[in-house]
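Single-structure report; data block below.
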Amino acid sequence: MSKGLTKRSDDYSAWYNELVKKADLAENSDVRGCMVIKPYGFAIWEKMQAEIDRMFKATGHSNAYFPLFIPKSYLSREADHVEGFAKECAVVTHYRLKNAEDGSGVVVDPNAKLEEELIVRPTSETVIWSTYKRWIQSYRDLPILLNQWANVVRWEMRTRIFLRTAEFLWQEGHTAHATKEEAVAETVQMMNVYADFAENYMAVPVVKGTKTESERFAGAVDTYCIEALMQDGKALQAGTSHFLGQNFAKAFDVKYLSKENKEELVWGTSWGVSTRLMGALIMAHSDDNGLVLPPKLAPIQVVIVPIYKGDEQFAAVSAEANKIKAALEAAGVSVKYDNRDTYKPGFKFADWELKGVPVRLALGARDLENGTVEMARRDVEDRKAAKKVVQLTDVVAEVQATLEDMQNSIYQKALSFREQKTTKVDTYEEFKQVLDEQGGFVLAYWDGTPETEEKIKEETKATIRCIPLDAEAEDGKCIYSGEPSKHRVVFARAY
RNA sequence: CGGGGUAUAGCGCAGUCCGGUUAGCGUACCUGCUUUGGGAGCAGGGGGUCGUAGGUUCGAAUCCUACUACCCCGACCA
């Protein structure tokens with residue numbers, strides 16, 4: 001643990017990378033583009049998983065598991081899908097190694113070539129729909145509402161820990177329905193589940209919307225998404241939910257007999273969020289002292305740091321600290337008593353701040369005399385202002401109230417940041433100026449053509465993040481072409 | 001795939017131009033003592049095929065050649 005974190009204002013990107021490593025969340029592995037998620041980082045992911053999983057089950061979904069490998073031919077069954085993923089697929093060509101003749105180690109055994117190569121899944125639509133074909137004959141077999149927690153591989157050119165890694169963890173929901181209406185409703189429902197999770201657990205406000213044709217998922221008819229704004233003014237796609245129409249049903253010949261004894265193609269959806277959410281969580285709230293975690297997702301909600309001179313004081317402080325710990329745990333709060341004798345209090349303060357523990361209680365001889373404890377909340381960056389002395393008798397109530405208030409106030413802070421960084425513009429000049437000077441979401445009219453979208457992207461590096469669902473219908477002119485436009489879309493530079 | 005760069009202790013780096021005792025610094029690690037209300041101090045200690053393979057030389061981290069890996073910029077990125 002070394003001192004000091006690069007300040008966000010000096011180099012946001014360096015700040016992020018250092019924070020991820022110093023807070024013990026994850027590190028780069030020996031395999032290019034792949035990360036090792038460390039216990040503390042994984043504990044946060046597990047908290048996220050648990051909540052999302054609960055939400056899926058509450059909306060009628062079940063978990064299942066499909067294979068890591070996909071026969072190469074499956075991928076090409078859906079034309080847009082293969083087009084979108086072909087360039088970033090890892091391919092398994094052989095199934096055996098042998099000792100090298102020169103003794104230099106093992107080499108691929110050329111005699112063990114696979115008849116058909118296997119793709120390491122970049123996403124599982126194809127294996128799953130080839131399975132659904134066997135499972136679905138009648139309208140009585142529908143709907144199928146499944147989710148799987150899995151790892152996927154996308155061989156990205158440039159990777160960034162949590163935000164874009166070659167291998168990542170995610171969940172992918174895959175549902176099959178008898179009607180279009182039902183499938184669309186499912187797609188929208190899952191987008192809303194994601195938005196609910198982002199806002200009420202991660203404390204990250206999001207914009208809900210649909211993707212333009214060029215940003216749409218490969219093989220989807222429509223892609224719904226939630227878009228979040230990071231502290232450096234760049235957008236991050238936090239989750240997507242796709243209405244697949246009958247595209248995969250056609251590709252894999254998945255049909256059912258309706259009540260009227262008519263053969264119909266099945267309608268599909270797929271939706272996912274990944275370990276990228278960890279990146280969103282880190283970048284949305286953290287400060288120059290380290291990570292700031294919303295209480296609902298913090299693996300440790302309260303840390304107690306003892307301050308003492310000599311064994312006698314240590315014993316007395318520990319006795320009181322353990323009482324506080326027990327009382328808080330009885331109230332459903334997760335607590336760590338940091339009784340390491342090998343580090344000094346100042347080190348521990350800095351260390352737990354770096355790790356984003358929401359509330360810290362410091363307990364020393366002085367407190368024992370006064371019947372008090374010093375409480376510090378992590379969401380206040382100024383270290384003095386974050387502290388408050390509370391009576392021991394009130395500690396459980398104070399902590400609970402503070403945790404609740406923090407969850408709220410972190411969200412409000414992120415929300416007002418986003419509002420402040422959301423700008424309506426009406427000219428291309430203004431558009432470019434806002435992007436360069438303050439970034440954020442820029443609301444502007446667009447003529448609806450991929451050509452204009454592409455030109456704007458080339459010239460400004462800004463993309464259309466989404467066509468917001470709550471956009472008011474108002475007539476305007478496209479900032480680029482001047483053609484008529486019915487409503488504003490959200491532009492931003494993005495991760 | 002194009003352009004640029006790097007490779008020396010767990011991590012971060014100096015030394016390389018101009019070859020020459022035992023390869024050094026910060027941090028981390030280990031031991032001891034003193035410390036403990038904001039990242040402790042002192043003393044001692046362990047840790048290196050100097051990316052790999054050749055070559056030049058009495059002598060190579062340093063010069064030459066080839067290779068490999070990684071990083072940055074570009075292209076690419078549901």
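Note that these values count all heavy atoms, side chains included, but never hydrogens, waters or copies made by symmetry. Chain A is the first sequence line, chain B the second, and so forth, proteins listed ahead of strands; every chain is numbered from 1.
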Original post:
Would A/Y16 and A/D11 satisfy side-chain hydrogen bond (donor to acceptor under 3.5 Å, both in side chains), going step by step from the backbone distance to the final call?
Top reply: CA-CA 9 Å; A/Y16 175 79; A/D11 185 343; over 6 Å; no
**OP:** Remember a base hit wins even if backbone is also touched, and classify A/R164 as base, sugar-phosphate or nothing at under 4.0 Å, heavy atoms.
**Re:** base
Original post:
Of all the choices, B/C71, B/G37, B/G38, which nucleotide is nearest to the side chain of A/R32 once you look at every atom?
Top reply: B/C71
Original post:
Just checking A/K21: base, sugar-phosphate only, or nothing, at a heavy-atom cut-off of under 4.0 Å?
Top reply: nothing
Subject >> Residue from A/K234, A/R418, A/R465 passing salt bridge (Lys or Arg N to Asp or Glu O under 4.0 Å) with A/E227 >> reply: A/R465
Original post:
So which nucleotide from B/G39, B/C77, B/G37 ends up closest to the side chain of A/P345?
Top reply: B/G37
Original post:
Counting any heavy atom closer than 4.0 Å, what does A/A362 reach on the DNA or RNA strands: base, sugar-phosphate only, or nothing?
Top reply: base
**OP:** Please work out if A/G364 contacts a base, only the sugar-phosphate, or nothing of the nucleic acid, heavy-atom cut-off 4.0 Å.
**Re:** base
Original post:
Any donor-acceptor pair under 3.5 Å between the side chain of A/K387 and the base of B/G37?
Top reply: no
Original post:
Is any side-chain nitrogen or oxygen of A/K22 closer than 4.0 Å to OP1 or OP2 of B/C11?
Top reply: no
**OP:** Would you kindly say whether A/Q171 and A/N147 are connected by a side-chain donor-acceptor distance under 3.5 Å?
**Re:** yes
**OP:** Mind checking which stems touch RNA chain B? I mean at least 3 consecutive Watson-Crick or G-U pairs, both distances under 3.5 Å.
**Re:** B:1-7 with B:68-74, B:10-13 with B:24-27, B:29-34 with B:40-45, B:51-55 with B:63-67
Subject >> Integer angstrom distance from the P of B/C11 to that of B/U16 >> reply: 23 Å
Show me the donor-acceptor pairs within less than 3.5 Å that the side chains of residues 184-192 of chain A make with the rest of the protein, sequence neighbours left out.
residue, atom, partner, partner atom, Å
A/E186, OE1, A/Q189, NE2, 3.2
A/E186, OE2, A/H61, NE2, 2.6
A/T187, OG1, A/A183, O, 2.8
A/N192, OD1, A/K208, NZ, 2.7
A/N192, ND2, A/V188, O, 3.3

Subject >> Short side-chain N/O contact from A/K461 to OP1 or OP2 of B/G74, under 4.0 Å >> reply: yes
**OP:** Give one of base, sugar-phosphate or nothing for A/Y224, where a contact means two heavy atoms less than 4.0 Å apart.
**Re:** nothing
